[in-house]
Amino acid sequence: MSNYMNHPFHLVDKSPWPLLSAFSVMSLVSGTAKWFHTFNMDLFLLGLVCTLAIMVQWWRDVIREGTYQGLHTSMVGVGLRWGMILFITSEVLFFVSFFWAFFHSSLAPAVEIGSTWPPTGIKPFNPFQIPLLNTAILLASGVTVTWAHHAIMEGNYTQGVQGLVVTVLLGLYFTALQGLEYFEASFTIADAVYGSTFFMATGFHGLHVIIGTIFLLVCLIRQYLNHFSSTHHFGFEAAAWYWHFVDVVWLFLFISIYWWGN
């Protein structure tokens, strides 16, 4: 085995997780398509369980490498930061496609939907009810995750835990309210281009909130176990960057789709 400390880069040991995760995600996507067409969830559930199990074990290995084995040196940290920046950039472009579809359809409504926006027969949500409350929740969560970040940088263990607990709870609250909103919706994803653009954009954002909440929950557990120090806590920084990205996307969603598009 090569000596890790002879070079500034992190050469990982042989791992089964990339190959296994590829097969599990393929099963998940195929199972989703099968579920939609045949209403059979067996393959979807198998893929979901396998994907979650691999995520847990892969994260365990990364945490072990960075926390206990000392492999995440300052040079490795630079590479990890650039990787996270590029990942968030790709996520920004992912949401740009949804906003493009929304504005393409709303700025010049086709005759097939009545040449109006929202289309004839669609009753959109009141932006100053649940959407405004969810905006306040996400903005508050951005404050609490920043509080946790500063506490960790200052070596304040207790406030770091408290800030993360509040942030995770706010993320769960947001998801619950969005689920309630979907349950009470008077239109579906099949209701013209308004329904498809609305649910694709807000639904994928909701998925990102769930992922970000899990990300922060893992960081909360790590903070509780004293994995982070004032100078070595990129795992939390990456989660905080991701959460702020989720906040900003929601502001654009609220202003454009809920308020202006109403």
Side-chain angles (χ1 to χ4, degrees), residues 15-60 87 90-106 109-114 117-125 130-131 134 171-218 242 245-246 249-250 253 256-258 261:
S15 172
W17 309 131
L19 180 62
L20 291 178
S21 65
F23 282 112
S24 66
V25 171
M26 181 181 69
S27 300
L28 181 62
V29 173
S30 303
T32 303
K34 180 182 178 184
W35 176 21
F36 289 172
H37 287 280
T38 67
F39 305 101
N40 186 323
M41 295 179 63
D42 293 346
L43 184 58
F44 168 79
L45 292 175
L46 176 63
L48 180 62
V49 170
C50 291
T51 301
L52 292 175
I54 291 169
M55 285 168 57
V56 169
Q57 294 175 92
W58 201 345
W59 285 350
R60 177 205 62 194
F87 169 68
S90 72
E91 292 284 271
V92 169
L93 297 177
F94 177 76
F95 277 99
V96 163
S97 65
F98 295 130
F99 285 109
W100 189 314
F102 176 80
F103 284 112
H104 175 82
S105 303
S106 61
V111 66
E112 288 83 1
I113 59 174
W117 192 267
T120 304
I122 297 290
K123 182 181 178 182
F125 291 103
I130 290 181
N134 269 344
L172 293 173
Y173 188 27
F174 177 95
T175 301
L177 286 176
Q178 189 171 41
L180 176 64
E181 180 182 68
Y182 280 8
F183 181 76
E184 295 182 343
S186 61
F187 58 93
T188 71
I189 195 171
D191 286 321
V193 70
Y194 182 89
S196 60
T197 54
F198 175 87
F199 282 106
M200 285 294 286
T202 60
F204 269 110
H205 177 268
L207 177 62
H208 281 69
V209 170
I210 293 172
I211 294 170
T213 303
I214 295 172
F215 204 169
L216 289 168
L217 179 60
V218 172
Y242 188 83
F245 156 74
V246 169
V249 171
W250 175 257
L253 283 172
S256 61
I257 294 180
Y258 281 102

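Under a 3.5 Å cut-off, the side chain of Ser106 and the backbone N or O of Gly261 do not form any donor-acceptor pair. Judged purely by atom type and a 3.5 angstrom limit, Glu91 has no side-chain atom pairing as donor or acceptor with the backbone of Phe87. The main-chain N or O of Ser27 is never found under 3.5 Å from a side-chain atom of Ser30 such that the two would form a donor-acceptor pair.
Here OG1 of Thr175 is found 12.5 Å from CG of Leu180. Values are rounded to the nearest 0.5 Å. Rounding to the nearest 0.5 angstrom, the gap separating the CD1 atom in Ile210 from the NE2 atom in His205 is 11.0 Å. Atom NZ of Lys123 and atom OH of Tyr194 lie 12.5 Å apart (nearest 0.5 Å). To the nearest 0.5 Å, atoms CZ (Arg60) and CD1 (Ile54) are separated by 11.5 Å.
Outside the 6.0 Å centre-distance limit, the rings of Phe102 and Phe198 are not counted as a close aromatic pair. In summary, the aromatic rings of His208 and Phe95 are positioned with their centroids under 6.0 Å apart. Between Trp117 and Phe103, the ring centre distance reaches or exceeds 6.0 Å.
Side-chain contact, Thr202 with Tyr182: a donor N or O sits under 3.5 Å from an acceptor N or O.
Within 6.0 Å of CZ in Phe199 there are more than 12 heavy atoms belonging to other residues, nucleotides or ligands.
Annotation: side chain of Phe174 is not in contact with side chain of Thr213 (no heavy-atom distance under 4.5 Å).
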